[in-house]
Amino acid sequence: MSFMEAPPSPLHVLRTHKDPVNTLFCSRDNERIYSGDAKGRVVISSTRSLRPIADWLAHTDAILGVEELGEHQIITHGRDNKIHVWERPEESVAIRQVGAATLTESSAPTLCYSMDVNALNYCRFSLLLPLSNSDDTSALLAVPNLVESFLADVWTLPGRQRLHAAIGDSQHASSKFSDGRAGHKTGIIMAMRLFRSPSTSVANGALGLVCAYEDGGVILYRCIAPEGTQTIEGRGWEMVWRSKLHVESVMAMAVTKDASFALTVSADNLIGKYDLASGQSETASPGTVFRTKHPGNGAIAIRDDGRVCAVGGWDGKVRLYSTKTFKSLGTLVHHKQACQALTFTSPSDVGSCNVVDDDEEDMTPQEKVQRSRWLITAGKDARVSIWALMSFEKR
């Protein structure tokens with residue numbers, strides 16, 4: 001190991017699922033861990049008590065994604081072609097003290113509303129929350145198109161209005177390229193991320209969508225329509241660039257918090273890195289390939305500062321890399337089967353709301369700093385593992 005003399009063990013292991021865990025999310029204040037499994041069950045666990053706050057059957061098929069929608073709601077996405085928005089339950093004193101034994105299906109959160117979506121792709125939604133200084137309170141939700149799985153739609157929440165339809169339609173979308181590199185030739189969308197370009201970038205705050213495809217390629221689209229204008233058939237969007245680094249389908253993609261770059265993994269032994277900020281031309285390649293010694297990867301996550309990434313392998317191992325040099329920072333070994341989901345916690349200075357108001361359970365500043373360095377992993381073995389990492393300050 002490069003950061004420890006002996007391979008580390010998980011700090012905690014949560015055994016709240018009986019089926020393979022497909023997705024993970026940690027709240028921005030690091031208080032709650034969300035996990036979803038192959039049978040449609042979602043569990044919310046407290047990072048203080050390590051006990052479930054809620055445990056319910058959210059969908060009738062596998063969970064593709066779960067995330068907090070603002071401070072009071074949760075959004076879940078299932079293979080049953082549904083997206084549900086729920087009221088977020090609070091952690092009660094009884095649950096903290098007794099734990100999962102008190103939870104029943106009747107304790108499921110209240111369902112606020114639902115949407116029909118196309119889940120053929122196994123591609124989870126991408127959620128973009130409204131800017132804090134904006135008068136528009138609508139969140140934006142990107143999902144695969146309802147009809148064509150190689151196209152993308154953007155919806156508003158809670159209004160559930162389709163703002164942008166069929167992004168990636170090569171017949172109508174603006175493109176810098178003349179050889180028709182778009183459309184169904186890419187195969188279906190495997191992963192997507194909706195973001196606002198950094199104000200320092202060429203796009204200067206414009207809406208962007210990066211999509212990873214079945215053919216191993218990645219395409220960056222940028223909205224050129226006026227803010228809030230409804231678009232159809234891919235109009236109002238331009239293809240900024242297309243890069244094809246993988247020889248197999250992209251299995252997972254992660255984007256930095258500041259939307260400066262994206263990383264992808266696949267069945268091959270490659271990690272692709274893509275520049276999202278500079279607006280590359282047709283002649284300059286936006287993508288860079290890094291070769292690892294380990295093929296077969298199904299999950300990837302990037303720490304908030306963008307300096308460290310974690311890759312989950314089909315062999316169950318989690319490998320840490322510097323995102324600058326892709327030097328190995330270590331390997332975490334615990335899962336007996338494929339690692340399918342992972343996420344980093346947020347820096348310790350992020351958010352102070354929704355903390356437990358109990359003197360006996362208050363965390364010290366040092367404990368909060370340690371919690372901000374957690375990596376949470378999950379896989380086919382139905383276990384959720386919590387790892388305490390070092391800061392990697394000089395990596």
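Bear in mind that the values here come from a model prediction, so they are computed numbers and not experimental data.
Side-chain contact between T186 and R242 is present, with at least one heavy-atom pair separated by less than 4.5 Å. In this structure the side chain of L332 never reaches within 4.5 angstrom of the side chain of K317, judged on heavy atoms. With contacts defined as side-chain heavy-atom distances shorter than 4.5 Å, the pair V66/I74 qualifies. Side-chain contact between Y213 and I219 is present, with at least one heavy-atom pair separated by less than 4.5 Å.
K244 NZ: more than 12 foreign heavy atoms inside a 6.0 Å radius. Environment of OH in Y122: sparse, with no more than 12 heavy atoms of neighbouring residues, nucleotides or ligands closer than 6.0 Å.
For the side chain to side chain donor-acceptor pair (under 3.5 Å) test with D381, the passing option among R15, H335, H17 is H335; the others fail.
Linking Ile, Leu, Val, Met, Phe, Trp and Tyr whenever their side-chain heavy atoms come within less than 4.5 Å puts I33 and V21 in one cluster. Linking Ile, Leu, Val, Met, Phe, Trp and Tyr whenever their side-chain heavy atoms come within less than 4.5 Å puts L276 and V240 in one cluster. Taking hydrophobic clusters as Ile, Leu, Val, Met, Phe, Trp and Tyr residues chained together by side-chain heavy-atom distances below 4.5 Å, I271 does not share a cluster with V308. By the criterion of side-chain heavy atoms lying less than 4.5 angstrom apart, applied directly or through intervening Ile, Leu, Val, Met, Phe, Trp or Tyr residues, V333 is not grouped with V384; the two fall into different hydrophobic clusters. Clustering ILVMFWY residues whenever any of their side-chain heavy atoms sit less than 4.5 angstrom apart, transitively, puts I302 in a cluster other than the one holding W387.
Between R88 and E71, none of the side-chain N atoms (NZ, or NE/NH1/NH2) sits under 4.0 Å from a carboxylate O, so this pair counts as no salt bridge. Using a cut-off of 4.0 Å between Lys/Arg side-chain N and Asp/Glu carboxylate O, K336 and D315 are scored as not salt-bridged. The residues R28 and E68 are annotated as not salt-bridged, no charged nitrogen and carboxylate oxygen being separated by less than 4.0 angstrom. Remark: D55 engages R41 in a salt bridge, criterion side-chain N to carboxylate O under 4.0 Å. Look at R303 and D305 and you find a salt bridge, because one of the NZ, NE, NH1 or NH2 atoms lies within 4.0 Å of a carboxylate O, short of that distance.
At least one donor-acceptor pair closer than 3.5 Å links the side chain of R79 to the backbone N or O of A119. In this structure a side-chain-to-backbone donor-acceptor pair under 3.5 Å is missing from D61 to G78. S266 contributes a side-chain N or O that, together with a main-chain N or O of S249, makes up a donor-acceptor pair within less than 3.5 Å. The backbone N or O of W374 lies less than 3.5 Å from a partner atom in the side chain of T345, making a donor-acceptor pair. Using modelled atom types, one side-chain atom of T292 and one backbone atom of N269 make a donor-acceptor pair closer than 3.5 Å. The backbone N or O of I300 sits nowhere less than 3.5 Å from a side-chain atom of N297 that would complete a donor-acceptor pair. Side chain of H77 to main chain of F125: a donor-acceptor pair is present (N/O by atom type, distance under 3.5 Å, no hydrogens or angles). Distance alone, capped at 3.5 Å, places no donor-acceptor pair between the S385 side chain and the V13 backbone. At least one donor-acceptor pair closer than 3.5 Å links the side chain of R193 to the backbone N or O of V255. Although no hydrogens or angles enter the test, the distance criterion places a donor-acceptor pair under 3.5 Å between the side chain of K273 and the main chain of T323.
With sequence neighbours excluded, the residues that form a ring-ring contact (aromatic ring centres under 6.0 Å, His included) with F25 are Y34. Evaluation of the side chain to side chain donor-acceptor pair (under 3.5 Å) rule for T47 yields R371 as partners, not counting sequence neighbours.
What you find for D268 and V247 is that their closest heavy atoms are OD2-N, 3.2 Å. Summarising the geometry of S260 relative to D258, their closest heavy-atom pair is OG-OD1, 2.8 Å, with the distance given to 0.1 Å. Summarising the geometry of L245 relative to L270, their closest heavy-atom pair is O-CD1, 3.3 Å, with the distance given to 0.1 Å. The two residues T231 and R235 have their closest heavy-atom pair at CB-O, 3.0 Å. Between E90 and I53, the closest heavy-atom pair is O-CG2, 3.8 Å. Contact detail for P89 and A54: the closest heavy-atom pair is CG-CB, 3.8 Å.
I83 CD1 to L141 CG: the interatomic distance, rounded to the nearest 0.5 Å, is 4.5 Å. Between the CZ atom of R48 and the CG atom of N30 there is a distance of 10.5 Å, given to the nearest 0.5 Å. To the nearest 0.5 Å, the span separating CE on M363 from CD on Q370 amounts to 8.0 Å.
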- Task: Could you walk me through whether C26 and I376 pass the side chain to side chain contact (heavy atoms under 4.5 Å, CB included) test, one step at a time?
- Result: CA-CA 8 Å; C26 186; I376 306 163; 4.3 Å; yes
- Verdict with reasoning, K82 to D116, per salt bridge (Lys or Arg N to Asp or Glu O under 4.0 Å): CA-CA 5 Å; K82 293 286 187 180; D116 292 322; 2.5 Å; yes
- Give the C-alpha distance, both sets of side-chain angles, the deciding distance and a yes or no for side chain to side chain contact (heavy atoms under 4.5 Å, CB included) between L129 and L69. CA-CA 8 Å; L129 297 176; L69 175 58; 3.8 Å; yes
- L140 vs L194, side chain to side chain contact (heavy atoms under 4.5 Å, CB included): CA-CA, chis, key distance, verdict: CA-CA 8 Å; L140 297 180; L194 185 67; 3.7 Å; yes
- Trace of the side-chain hydrogen bond (donor to acceptor under 3.5 Å, both in side chains) decision for Y274 with S243: CA-CA 8 Å; Y274 311 85; S243 178; 5.3 Å; no
- Item | salt bridge (Lys or Arg N to Asp or Glu O under 4.0 Å) evaluation trace for E227 with R196 | CA-CA 12 Å; E227 182 82 15; R196 291 195 181 276; 3.2 Å; yes
- Task: Would you check, one step at a time, whether the test side chain to side chain contact (heavy atoms under 4.5 Å, CB included) holds for I224 with W237?
- Result: CA-CA 5 Å; I224 55 177; W237 288 76; 5.8 Å; no
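For Q340 and N22, the side-chain atoms include at least one donor-acceptor pair closer than 3.5 Å. For the residue pair T110 / W86, no side-chain donor-acceptor distance below 3.5 Å is found, with atom types taken as modelled. No hydrogens or angles considered: nothing links the side chains of H334 and S9 as a donor-acceptor pair under 3.5 Å. A donor and an acceptor atom, one from each side chain of N118 and S149, are located under 3.5 Å apart. Side-chain contact check for R160 and Y113: no donor-acceptor pair (N or O, by modelled atom type) lies under 3.5 Å. For S328 and Y321, the side-chain atoms include no donor-acceptor pair closer than 3.5 Å. Judged by distance alone, the side chains of S46 and R51 never bring a donor and an acceptor atom under 3.5 Å apart.
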Tabulate below the donor-acceptor pairs under 3.5 Å that side-chain atoms of residues 150-157 make, not counting sequence neighbours, or state none.
unit_1	atom_1	unit_2	atom_2	d
D153	OD1	N145	ND2	2.9
D153	OD1	A166	N	2.8
D153	OD2	N145	ND2	3.1
D153	OD2	R162	NH1	2.9
T156	OG1	Q161	N	3.2
T156	OG1	Q161	O	3.4

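The aromatic rings of H59 and H84 sit parallel, their planes meeting at an angle under 30°, below the 60° perpendicular limit.
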